[in-house]
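The next block holds one structure in the form of C-alpha cells; read it before the comments.
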Amino acid sequence: MKRLTSIAEFRQWQQNLKALSVRRQKVITVCGGTGCAAFGSAALREAFRQELRRRGMEAQVPVKVTGCHGFCEKGPVVVILPDKVFYPSVQVEDVPEIVGRTLVKGEVIERLLYVDPATKQRIVHDDAVPFYAKQQRLVFRLNGILDPTSLEDYVAHDGYSAAVKVLAEMKPEAVISEIQEAGLRGRGGAGFPTGTKWDLCRLARGEEKYIICNADEGDPGAFMDRSLLEGTPHAIIEGMLIAAYAIGARHGFIYVRAEYPLAVQNTRIALEQACACGLLGPDILGSGFAFDIEIRMGAGAFVCGEESALIASLEGYRGMPRPRPPFPVQKGYRGQPTVINNVETLANVPLIILKGADWYRAIGTEGSKGTKIFALAGKVNNTGLVEVPMGATLRQIVFDIGGGIPRNRRFKAAQMGGPSGGCVPAQFLDLPIDYDSVKEIGAIMGSGGLIIMDETTCMVDMARYFMEFVQAESCGKCVPCRVGTRHMLDILTRICAGDGREGDIETLEQLARDVKASSLCGLGQTAPNPVLTTLHYFREEYEEHIKRKYCRAAACEALARAPCAHACPAGVNVPQYLALIAEGHPEAAVDIIRRRNPFVSVCGRVCDHPCERRCRRAELDEPLAIRALKRFAADHADKGLPLMAPPAGGKAEVAIVGSGPAGLSCAYFLALMGRPSVVFEGAPVPGGMLALGIPEYRLPKSILRQDIDFILRHGVALHTNSPVRDLDELRRQGYRAIFLATGAQKGRPLGIEGEDLDGVIDSLAFLRARALGHAVRPGAKVVVVGGGNAAVDAARSALRLGAQNVTILYRRTREEMPAYAEEIEEALKEGVALHELAAPQRICGRGGRVTGIKAVRMRLGTADGTGRRRPEPILGSEFALPCDTVLVAIGQIPTGVPATGLTLRKDGTVSVDLTTMATSVPGIFAGGDVVSGGGTVIEGIADGQRAACAIDRYLGGRGCLPPDVTYSLRRPSEEEIERLLPRALEPMLPIAERLGSFREVVGSLSEDCARTEAGRCLRCDLEKLL
Amino acid sequence: MNAGRDAGSPRLELALKIVAEMSPVKEGDIIPLLQRLQDAYGYLPREVVLEVAARTGLPASRLFGVATFYGQFYLAPHGKHTIRCCRGTACHVRGGRKVIRAVSELLGIRDGETSEDLKFSFETVACLGACALSPVMVVDNRCYGKMTPQRARQILTGLMERS
C-alpha cells in the first residue's frame, strides 16, 4: 500500500481505481456476513475458487466475499455481477452448475432463482426481489458490493471522498452546520441531534477531545451495527475522521463487542490499511490534521453500551455509569470533552457531506430525517436487515418487505427498542415510524431491533424475558435498578409459573414508576418499559394469568403444557384421546372427551378447532386433524357406551333456561356432580343453534339427537315449547340457582333503506324455519349480506333449496371473513359467488318486493383499535346487484332476556364474571351467546361447564370435574417424528351429489387413516414427565 | 494457547511476557490486559492475577473487580470446548429455551458450568447477532443456526464422541 501524502494524490488514485472498476467484469460475490458464514459461505467461496481453477478461469473472474447483504433468511446469498443475478440459499453442489451455465454461458438457472411467495414468480435480479426493491438502501448499499478487506474497493466507490472534501474545503464549523442542517439524529436509540452533540463538544473546554464509536450493540435482536462494521468498516472510519475534524479530536476509539469476532477482524484490517495509506495518522494527506483510532473490545457487559459506562470501561473500570451532568461532551473520557456516536450514525455522515444536507432532508419525516436500518427477526418470514426511510410503517416493513408472518398467523405486536423499548400492537401497523411517533405510543425507536410476535407469543412472558435480561445486566450500582428490577422479575416469574396474586399488577406498576424515575442510567430508566407497554396494551393477558391461571398464547409452560388442550375452551385432554385413537381404542377416547365435553359427535363435525391452530406439529409439517379424529372416535365408538355417572336423582334445584350447547352442557356437568336439573326450552326441539342454526348438511339431526339423548340420560329433565319469561317465577317454584343460556337468536338488522321490503329475511330466521320443517323457498337470485358462519350457512342452504344464483356480499376480504375457512371453501365450490370489499347501501324494490341491492365497493384503510383494517367506501363506485331475496347475516343479538335486575351491556348481552359466570343477581348465572353475543359452540360448552362448577359450589358442593381414568403413555418414535406427513383429509360428497338435498357433506376418516394421523401427535403433555 | 488448562500450577512466564510487552501498563489497559491473559491461559488463574498486580503496581482488588464484573472473564478453569446457546429475543421467540434445556441435559451441566472432565463449558448468551438464524448455538467458533433440540443433540453427541 503506497502512502499518500496529499489530497491531490488521493484524488488521482481514486480516479484510477474508478476507471479500473468501470470495466464490465464478471464477479462472483458471496455474502460473508456472520449469518451466511454460519450457513457455510466459506465452503462456497472455496468451491467457487476450485471450480474456476479447474476451468482455468481463476484470473478473469474474481470471487469476492462481501459483507452482509441483509436477506439473512435466504443465506448463503450469491450474486453474479455485473448482471446482478441473484441466487439465494446456494449449496456447494450448485457451484459447478453456476459457473458452467451462468458465468460461462450467461444462462440463468431457473431452479436456483428466488420465488416471490406472493406472486409465485421467479425473480432474476436482486433489485427486483421485493425484499430489496421496497427498501431504500443508502447506508447499507455498499454492504453487498464491497470486499470489506479492500480499501481500494471502498475508495473506488467514492470512499473517503467526503473526508477529503472536508479536509480540503470545509471548516469544522461548516461541517457541524451541515450535519445540523441535515437533521441527523443518533441511531443508537435516544435520537439526540448529532450536529448539536458535535457542536457542544467543539465549544467545550478541554486539553484533548475524543470521538468514540459505540459498537457495543447489545440489544438482543439487533445486528445492524455488526453487519455495517463487518461489511463496510471504512465508512465508519471515514465518519469518525469527519467527526474528529469537526470537534477537534486527535484520538478516537471504536468500542466493539468481543462477541463480534468478524467485525473486530475486518475493522482491524481496515484500520491498518487506512494508516498505511495515510488516511489516518499524524498528518492526514498533508492537511496537517492528525487523527488516529484505537480499537477496543468490550468484555461482555450490556451496560457498557451506555455512554458513561462505556467510558468507565475504556478507563479500565467496572462498567458502572456515572451521574450526569456533566455529560460526556463536557467531561467524558479522562474528564475530557468526548463525543460518543453509534455505528449507524457515523455511517450516515459521509453520505450527508457528499450529497448535502438538502438531499438528506428530502428523506424521512419532519422530525426524523434520513433512513433507519431495522433488524427484522422473530415471527416473520424474511428475517434480515431492512433499510427504510423514516416514516415507513410497520405494515410496510413487516408485510411488504418482511413477507408477513409464517403459517399465516396473526400479527400480535412488534418489540421495538429491545429491552429498553416497548411493544407496538397491531392497531399501530399503519403508524409512520419515527423517533417522535414511537415515543408517543410508549415505545422507543432504539437501535432498530424489531422482534415480531404472533398469537403464539405470550406478552407476560416477553416482559419477564426482558426483565430477566436487564436484571442480569444491571451493573448493581444504584438501588432502584438493582433491587427494583429484581422485585419486578420475581413477580413476573411467579405470574408465569402460575402463582400470580391479586395486587401483583398494581405492585408492578408502582415499582415500574419508581425504577424509571430514580435509576442512575438509561438501563434502569428504561428497564420497566416492556412491562409498562405490555400492561398498557395487553392487560387482559396479565389478568388471565393471575386470575384464571390461563396463558392464551399457550406459551408459559407451567400453565400450558400441551398447547392444544390449553387452547380448548373446555380443556379437553386432547393428547390423551389422540393417543388412545392411535392405539385403536376409540371408546376410551370418547370417554376422555366426555369428561370435559358431552357433545363429542357434534363437535367432531362443527367445532372450529382452536386446538389445531396451536398444534406444535405444525412446526414440523402440518397440524393434526384433531376435529376429524374426534369425529372418527365418535362414529366408531361402541354405541352402547355406559353413562359417565349414575343418573342424578332427587329434586332438581337448578333451572336451566335454554337447551343450546351452553345450557345442556351445564345440565350435564351438574348431573355428573350429582345434581339433577330441569331444562326449559322455548322452541319445539332442543339444541339451540345446533338444531336451529347449523344446517343438516353439516350436522345431521340424528347425530345431534344422539348427543342430546346421552346428556338427558344422566338425570336431566327437558321441557320443550316452554319459554321462560320471568326468572323470578322460577325462583318461586323453588329453584335455588338458575343458568340463563337463551342465546342470541335474532339477527342484527342492516339499518338501511328498503329493509322492510318483502324478500328481506333475517338469515337466522331463515335457517330456523328450515330446521323446524317449515316450507322455505328462497327466490331465484339470492344475496347474502355478511361474512360469518350464519352467512355461509344461509348461502349454502339457499342453494340446496332451489336458488339459482347465490352471492355473498362482504365488506372486507375473504381472509378476514369470520366464517370457518373450510366452510367458505366448500361454499365457493358449490357455486356460491363471493363479492369481497362490497357493502350494501340500500335495497331497491317494486310493489313492495325486493328487486335488487345498491352496493358500493370498499377499500381497506388503516388499522382500527384491534388491528383490523377499517373498510372505507370508495366514492363513486356504486353498483347494482339484482336479486329477489336478501338474507341478512351481519351479527346476532340476544332477544328478550327475561328478568329485570340483571346488568346488561350496551348490546343487550348479559354481563358476568368470566370465571364463575355469575351475573349481578346472586343465584343467577349466564353463559353462551347471551353473554358473548355470538361465540362458537365450544365456547358455549365451556361456559356451561364453568357455570356448572360455580353453581355446584354456590349450592355447597365442591364443583369438581371428573378426572381422567384411562391413560396412554404412547409417544412417537424418533422416526415417526422425522417422517413428515401431510394432514389426513376427510372424504367429501362430490358436488353433484350435494345440492339436491341436505345430506351430510363430510364423511369420516377410515380406521387406518385415523390411527396414522393420531400417531403424528408429539405428546407435548408428556414433555416434562418422561 | 492452552497452557494451564488442566489442573496444576500455571506457568507465570507467559503472564510476565505479556506484561512486559504492554509495559507501561496503565489503568486504561486493564481490560485489554485481562483479555490477553485469558487468551493465553484459557481463564484467569488467581496466582496470575496476583502476580500481574504485583508487577504492574495496579491494585489486585481493581483487577479482580474488573474481572468479576465482565461476563467474558472466567476465574475458574474453562472447558476445552465452549458451547454457547443464544437466549436472545429472536431465539427465545423461536423456541430457544428448548434447545438450551436439551443441551444442558445432554452435557449434564447448567448455564455457566464446566464439566468435571473439563471437556465442555456451557453458557447462555444474550445475543449473538445472528437473529435470522434463530435459535442459534455456537460450538467454539462455529455457529449453528435453526437449531432444534434434536439437531443440537446430534451435533453435540458427535462432538462428545470425537473428544
CZ (A:Arg614) and CZ (A:Arg409) are apart, to the nearest 0.5 Å, by 7.0 Å

So, the part of A:Arg318 with a heavy atom under 4.5 Å from chain B: the answer is both

Applying a strict 4.5 Å limit to non-hydrogen atoms, the region of A:Thr456 in contact with chain B is neither

query = Would you say B:Glu116 has more than 12 foreign heavy atoms packed within less than 6.0 Å of its CD?
reply = no

query: Has B:Arg97 got its NZ or CZ under 6.0 Å from the middle of the six-membered ring of A:Tyr465, at an angle within 45 degrees of the ring axis?
result: no

Interface check, chain A: of B:Gly28, B:Ala67, B:Gly71, most non-hydrogen pairs under 4.5 Å belong to B:Gly28

If one checks every heavy atom of A:Tyr317 against chain B at 4.5 Å, the contacting part turns out to be both

Most heavy-atom pairs under 4.5 Å with chain B, out of A:Gln415, A:Glu468, A:Glu315, belong to A:Glu315

In terms of heavy-atom pairs under 4.5 Å with chain B, the winner among A:Gly33, A:Cys458, A:Gly298 is A:Gly298

Note to self: Using side-chain heavy atoms (C-beta onward) and a distance below 4.5 Å, is B:Gln38 in contact with B:Tyr74?
What the structure shows: yes

Cation over ring, A:Arg257 on A:Tyr260, under 6.0 Å and within 45°? yes

Of A:Gly476, A:Gly319, A:Pro419, the largest count of non-hydrogen pairs under 4.5 angstrom with chain B goes to A:Gly319

message = Salt bridge check, B:Glu51 against B:Arg55: does any charged N sit closer than 4.0 Å to a carboxylate O?
response = yes

If one checks every heavy atom of B:Glu27 against chain A at 4.5 Å, the contacting part turns out to be both

Checked A:Gly300, A:Ala555, A:Gly449, A:Cys304 vs chain B; the most non-hydrogen pairs under 4.5 Å come from A:Gly300

For this session: On the 0 to 90° scale, with breaks at 30° and 60°, tag the B:Tyr70-B:Phe73 ring pair as parallel, tilted or perpendicular.
Result: perpendicular

Ranked by heavy-atom pairs below 4.5 Å to chain B, first place among A:Arg334, A:Met297, A:Glu217, A:Met224 goes to A:Met297

message: Tell me whether A:Glu73 is salt-bridged to B:Lys146, with the criterion being a basic N under 4.0 Å from an acidic carboxylate O.
response: yes

Applying a strict 4.5 Å limit to non-hydrogen atoms, the region of A:Val380 in contact with chain B is backbone

The interface call for A:Asp225 against chain B, heavy-atom contacts under 4.5 Å, is neither

Ranking A:Phe466, A:Tyr333, A:Phe302 by heavy-atom pairs under 4.5 Å to chain B gives rank one to A:Phe466

| query | Parallel, tilted or perpendicular: which describes the rings of A:Phe131 and A:Phe71, with under 30° parallel and over 60° perpendicular? | reply | parallel

